[in-house]
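Have a look at the structure below before the remarks.
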Amino acid sequence: VVPCTTMVTGYGENGLVPEAEQLFQAMPFHDVVSSNAMLTALCQNGLLDEGNELFNAMEEKDLATWSCMVAAFANHGDSLHAKLLFDHMPVLNRFSCTALLAAYSQSVEVEQAKVLFDSMPEKDIVSYSSLLATYAHGGYIDEAELVFSSMPEHDIVSTTAMIDGFFQAGRLDAVTHTFEMMPQKNSCTWITMLSGFGNHGRLQAAQKLFDALPEREEVAWSAMLSSYAQNGSFQEVFRQFDELKLVRLPDESCFVSFLVACSHTGVLSSGKNCFVSMSFDFQITATKQHYCCMVDLLARVGRLEEAHDLLINKPFVAE
RNA sequence: AGAUGUAGGAUGUCGC
């Protein structure tokens with residue numbers, strides 16, 4: 001059971017949920033630790049309903065079980081259920097409290113977060129970091145800086161949260177300084193920097209970061225493309241999208257940026273080709289956003305009937 | 001004799 005649990009965790013961390021489930025079913029027996037491992041695999045891969053089902057079916061639950069589930073609701077944006085579940089916990093520790101802090105963070109309830117944080121008997125870098133992120137992301141830059149300077153140590157996560165706060169406050173000088181002082185950075189740090197500069201219209205700075213990326217993963221392309229699209233730099237979107245197609249498969253959000261660029265520049269043929277190719281060549285199902293871009297594009301170039309047809313035939317309710 | 005498994009914090013797009 002112990003090696004199986006290790007495997008279930010490993011599968012889950014790498015997004016291999018079916019493999020995790022298969023192994024979990026094949027295990028000689030389940031104890032609370034192995035069930036927690038499976039629960040985590042489900043929740044961290046966005047399968048909240050399946051996770052909830054397993055949670056309800058578990059005969060034995062411990063602090064890890066509850067904390068995992070509270071965090072799952074929080075990360076899913078459902079802070080109401082996170083709080084409800086937290087209130088039903090038989091005992092608490094710093095893990096469960098930090099999970100609830102994340103719920104307060106996502107609903108920007110800074111006062112509640114502070115009260116909870118102050119009431120915690122044991123705090124560590126993760127709980128400090130969570131409070132810091134709540135302030136930083138909510139635009140409470142003074143409070144964020146205070147937490148940052150008073151916490152016992154800094155790591156990549158807390159420093160990246162602080163950078164996010166500086167961006168929210170428009171303190172780009174502090175952003176650059178903090179970034180340069182970091183002894184280590186990870187992909188979240190880079191994406192925070194890149195999209196932060198993009199959101200402030202500093203496209204050259206963003207592009208420079210993109211070029212310097214140690215590893216260009218999907219989110220980096222997505223962040224760069226949407227920065228250009230939102231800034232109206234549509235030629236840059238076309239250029240970057242072509243570059244992207246040479247090295248990896250564009251994801252759904254990259255197609256949105258491309259279609260936005262097509263519609264705003266009125267290039268019907270590229271837009272149409274892209275829309276079709278997305279499903280046929282890339283096996284990506286068109287979402288509401290993609291349909292909106294296409295309707296926009298058709299309408300802009302005067303194909304009102306086609307736009308209307310698409311609006312009628314799209315698999316969504318028109319708004 | 002000793003050693004192995006699970007839970008909490010920051011990042012793109014859409015939505016809220």
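In the text below, chain A, chain B and the rest are named by the order of the sequence lines, each starting its count at 1. It should be emphasised that the depicted structure is a prediction, and the values quoted were computed from it without experimental measurement.
- Interatomic distance, A:Q289 CD to A:L259 CG, rounded to the nearest 0.5 Å: 10.0 Å.
- By the 4.0 Å N-to-carboxylate-O rule, A:E111 lies too far from A:K114 to be salt-bridged with it.
- A:S257 comes within 4.0 angstrom of no nucleic acid atom, judged by non-hydrogen atoms across all strands.
- Between A:W190 and A:F210, the gap from one ring centroid to the other reaches at least 6.0 Å.
- In this model, no side-chain donor or acceptor of A:N93 finds a partner on the base of B:G8 within 3.5 Å.
- Listed candidates were B:G8, B:A10, B:U6. Nearest to the side chain of A:C188 is B:A10.
- Across all strands shown, A:V70 has no heavy atoms under 4.0 Å from either base or sugar-phosphate atoms.
- A sub-4.0 Å separation between OP1 or OP2 of B:A7 and a side-chain N or O of A:Q44 is absent.
- Using bins of under 30°, 30° to 60° and over 60° for the plane-to-plane angle, the ring pair A:F238/A:F258 lands in the perpendicular bin.
- Interface residues of residues 160-185 of chain A facing RNA chain B, ordered by number: A:T160, A:A161; criterion, heavy-atom separation under 4.0 Å.
- Ring-plane geometry between A:H154 and A:F148 is classed as parallel, the angle between the planes falling under 30 degrees on a 0 to 90 degree scale with a further cut at 60.
- When rounded to the nearest whole Å, the span between NZ of A:K288 and C1' of B:U13 equals 15 Å.
- By the 5.5 angstrom centroid cut-off and the 30-degree plane limit, A:F95 is classified as not stacked against the base of B:G8.
- Every salt bridge (Lys or Arg N to Asp or Glu O under 4.0 Å) that A:D296 has, sequence neighbours left out, goes to A:R300.
- A donor-acceptor contact under 3.5 angstrom links the side-chain atoms of A:N186 to the base of B:A10.
- Atom NE2 of A:H154 is separated from atom C1' of B:G9 by 14 Å (rounded to the nearest Å).
- Residue-level contact check: A:D155 touches the bases, meaning some heavy atom is under 4.0 Å from a base atom.
- A straight line from CG of A:L100 to P of B:A7 spans 19 Å, rounded to a whole angstrom.
- With distances taken from any side-chain atom of A:L63 to the nucleotides B:G8, B:A7, B:U6, the minimum falls on B:A7.
- For A:T6 and B:G5, a side-chain-to-base donor-acceptor distance below 3.5 Å is absent, hydrogens and geometry of angles not being considered.
- Here the nucleotide nearest the side chain of A:D251, chosen from B:G12, B:G8, B:G5, is B:G12.
- As judged by a 4.0 angstrom heavy-atom cut-off over every strand, A:A99 is placed among residues touching the sugar-phosphate backbone only.
- When base pairs are accepted only as Watson-Crick or G-U wobble with both N-N or N-O distances under 3.5 Å, RNA chain B takes part in no stem of 3 or more pairs.
- In terms of position on RNA chain B, the residue among A:M38 and A:I191 whose nearest nucleotide sits closer to the 5' end is A:M38.
- Between the CZ atom of A:F148 and the P atom of B:G9 there is a distance of 19 Å, given to the nearest Å.
- Atom CD in A:Q230 sits roughly 6 Å away from atom P in B:U13 (whole-Å rounding).
- Ring centroids of A:F255 and A:F275 are separated by 6.0 Å or more, keeping the two rings apart.
- Per the geometry, CZ belonging to A:R94 stands 12 Å off P belonging to B:G8, to the nearest Å.
- Checking B:A7, B:G5, B:U13 against every side-chain atom of A:S253, the shortest atom distance belongs to B:U13.
- You'll find the ring centres of A:F55 and A:W66 inside the 6.0 Å limit.
- OP1 and OP2 of B:G12 both lie 4.0 Å or more from every side-chain N or O belonging to A:N199.
- Of the candidate nucleotides B:G12, B:U6, B:G9, B:U6 has the atom lying nearest to any side-chain atom of A:T9.
- At a threshold of 4.0 angstrom between heavy atoms, the contacts of A:S130 are confined to the sugar-phosphate backbone, with no base atom among them.
- If you check every strand for non-hydrogen atoms under 4.0 Å, A:S195 touches sugar and phosphate atoms only.
- Under the 4.5 Å side-chain heavy-atom criterion for ILVMFWY residues, a single connected hydrophobic cluster contains both A:W221 and A:L249.
- Nucleic acid contact class of A:S96 (heavy atoms, under 4.0 Å, all strands): none.
- A:M89 places its CE atom 15 Å from the P atom of B:A7, with the value rounded to the nearest Å.
- Contact annotation: side chain of A:S67 to base of B:G8, donor-acceptor pair absent below 3.5 Å.
- The line from CD of A:Q44 to CG of A:L42 is 10.5 Å long, rounded to the nearest 0.5 Å.
- Residue A:S158 is classed as a base contact, given a heavy-atom separation below 4.0 Å to a base.
- No contact: A:L132 has no heavy atom under 4.0 Å from any strand.
- Distance CZ (A:F241) to P (B:U13): 17 Å, rounded to an integer number of Å.
- Ring geometry for A:F167 versus A:F197: interplanar angle over 60°, hence perpendicular rather than tilted (30 to 60°).
- From A:L132, atom CG reaches atom CE of A:M151 across 6.0 Å, with rounding to the nearest 0.5 Å.
- Here the nucleotide nearest the side chain of A:S222, chosen from B:G12, B:G9, B:A7, is B:G12.
- Checked against B:G9, B:U11, B:A10, the side chain of A:A102 finds its nearest nucleotide in B:G9.
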